[in-house]
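In the text below, chain A, chain B and the rest are named by the order of the sequence lines, each starting its count at 1.
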Number of protein chains: 2
Amino acid sequence: MQRTLSSMEYTVDEESIALISRALAHPVRVRILKLLAGETCCFTGELTGLIPMAQSTISQHLKALLDAGLIQGQIDPPKVKYCINADHWLLAQELFMGFFGQGAADGCDCD
Amino acid sequence: MQRTLSSMEYTVDEESIALISRALAHPVRVRILKLLAGETCCFTGELTGLIPMAQSTISQHLKALLDAGLIQGQIDPPKVKYCINADHWLLAQELFMGFFGQGAADGCDCD
DNA sequence: TTTGTTCATCGGCAATATACGATTAACCAA
DNA sequence: TTGGTTAATCGTATATTGCCGATGAACAAA
């Protein structure tokens, strides 16, 4: 995410929405989240069976979701369990609700 | 958005969420949407006065939002009015509500 | 027609994202 | 200790993104 040289400052919410959106910006990550949200839990190994991508690639996508705080992992050697990070999930939900809930209601004379 | 060689197919919703998320994945675009949604009505390229970026850069960001269907433009020579695309905005809202509304409620044995 | 205004698009550069195979790290079991 | 299993990380190639200045297109006004 390249930034301009000029000092452009964003609010925490703006940054948060952008950060979470980046995590959701690839359909396979949306798919993974759906799988994790549906099932109680999941191993990485099971995902490799469900998603036709290299194991390393899936691991990268999981890392992206981890970095965004949308999921969490728990080591259960030699496997790793991944699941939705409920707290952050709720925060993200509220964040997007607030964002999409704003404006666009009072019409626009472009129509 | 590079795709795997293997035939990975996604649902319409998954693709839509990824597409809209890509549009929201940069804080300046979130800011622009807030500005457009916040002001009573349409906005023009006075955005260049509010955002310390080159005019061409802002135009590119507007195009990204246009392509995602989140905003719409109306030519009013020599200016262009932009505003939230209310219809698509509502669809996006419902899409994300449905997405964030799923799962994460029935707990997870990772905790 | 000429000039001025506004916005989109082009070209170029640097940074990031995505994919893969290969390797490494961690751990259990024999 | 040795071997097997699982997942993260490394290295690399390619595609995309983001920024800018410069140019082009469209149109109103003089």
Report the distance from atom [atom1] of [X] to atom [atom2] of [N], rounded to the nearest whole Å.
{"X": "A:Phe43", "N": "D:dT6", "atom1": "CZ", "atom2": "P", "answer": "10 Å"}
{"X": "B:Lys79", "N": "C:dC7", "atom1": "NZ", "atom2": "P", "answer": "7 Å"}
{"X": "A:Gln74", "N": "D:dA7", "atom1": "CD", "atom2": "C1'", "answer": "15 Å"}
{"X": "B:Leu62", "N": "D:dG18", "atom1": "CG", "atom2": "C1'", "answer": "14 Å"}
{"X": "A:Ile32", "N": "C:dT18", "atom1": "CD1", "atom2": "P", "answer": "11 Å"}
{"X": "A:Lys63", "N": "D:dT6", "atom1": "NZ", "atom2": "P", "answer": "23 Å"}
{"X": "A:Ile58", "N": "D:dT9", "atom1": "CD1", "atom2": "P", "answer": "16 Å"}
{"X": "A:Met53", "N": "C:dA19", "atom1": "CE", "atom2": "P", "answer": "4 Å"}

Closest listed nucleotide, where the reference is the side chain of B:His26 and the choices are D:dC19, C:dC7, D:dG11: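 Given the options D:dC19, C:dC7, D:dG11, the side chain of B:His26 is closest to D:dC19.
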
Side chain of B:Gln60 - closest among D:dG21, D:dC19, C:dC7: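 Closest nucleotide among those given: D:dC19.
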
Flag if over 12 foreign heavy atoms under 6.0 Å of CG, A:Leu90: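 It does: A:Leu90 CG has more than 12 such atoms within range.
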
A:Arg29 side-chain N/O to B:Ala18 backbone N/O, donor-acceptor pair under 3.5 Å: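 No.
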
Sugar-phosphate only, base, or nothing, as touched by A:Thr44 at under 4.0 Å among non-hydrogen atoms: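 It contacts sugar-phosphate atoms only.
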
No-H, no-angle donor-acceptor pair, A:Gln55 side chain to D:dA8 base, under 3.5 Å: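 Yes, a donor-acceptor pair under 3.5 Å.
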
hbond_proxy B:Thr57 side chain to D:dG18 base (donor-acceptor, 3.5 Å cutoff):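 In this structure, the two groups form no donor-acceptor pair.
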
Residue closer to the 5' end of DNA chain C, A:Ala64 versus B:Ser59 (nearest nucleotide):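 This one resolves to B:Ser59.
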
B:Leu36 side, atom CG; A:Gln102 side, atom CD - distance, nearest 0.5 Å: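 Separation between the atoms: 10.0 Å.
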
Position toward the 5' end of DNA chain D (nearest nucleotide), B:Arg29 or A:Glu46: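 It is A:Glu46 whose nearest nucleotide is closer to the 5' end.
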
Residue pair B:Thr11, A:Lys34: steps toward the side chain to side chain contact (heavy atoms under 4.5 Å, CB included) verdict: CA-CA 11 Å; B:Thr11 68; A:Lys34 270 174 58 177; 4.0 Å; yes

Pull out every protein N or O sitting under 3.5 Å from an N or O of nucleotides 25-30 of chain C, one pair per line with the distance.
none

B:Trp89, B:Phe100, B:Phe99 screened by ring pair (Phe, Tyr, Trp, His ring centres under 6.0 Å) with A:Phe100, the one that passes: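 Output: one option passes, namely B:Trp89.
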
Verify same cluster id: B:Leu24, B:Met97 (apolar side-chain graph, 4.5 Å):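 Hydrophobic grouping puts B:Leu24 apart from B:Met97.
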
A:His26 and B:Tyr10 aromatic ring geometry - parallel, tilted or perpendicular at 30°/60° bounds: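 It falls in the perpendicular class, over 60°.
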
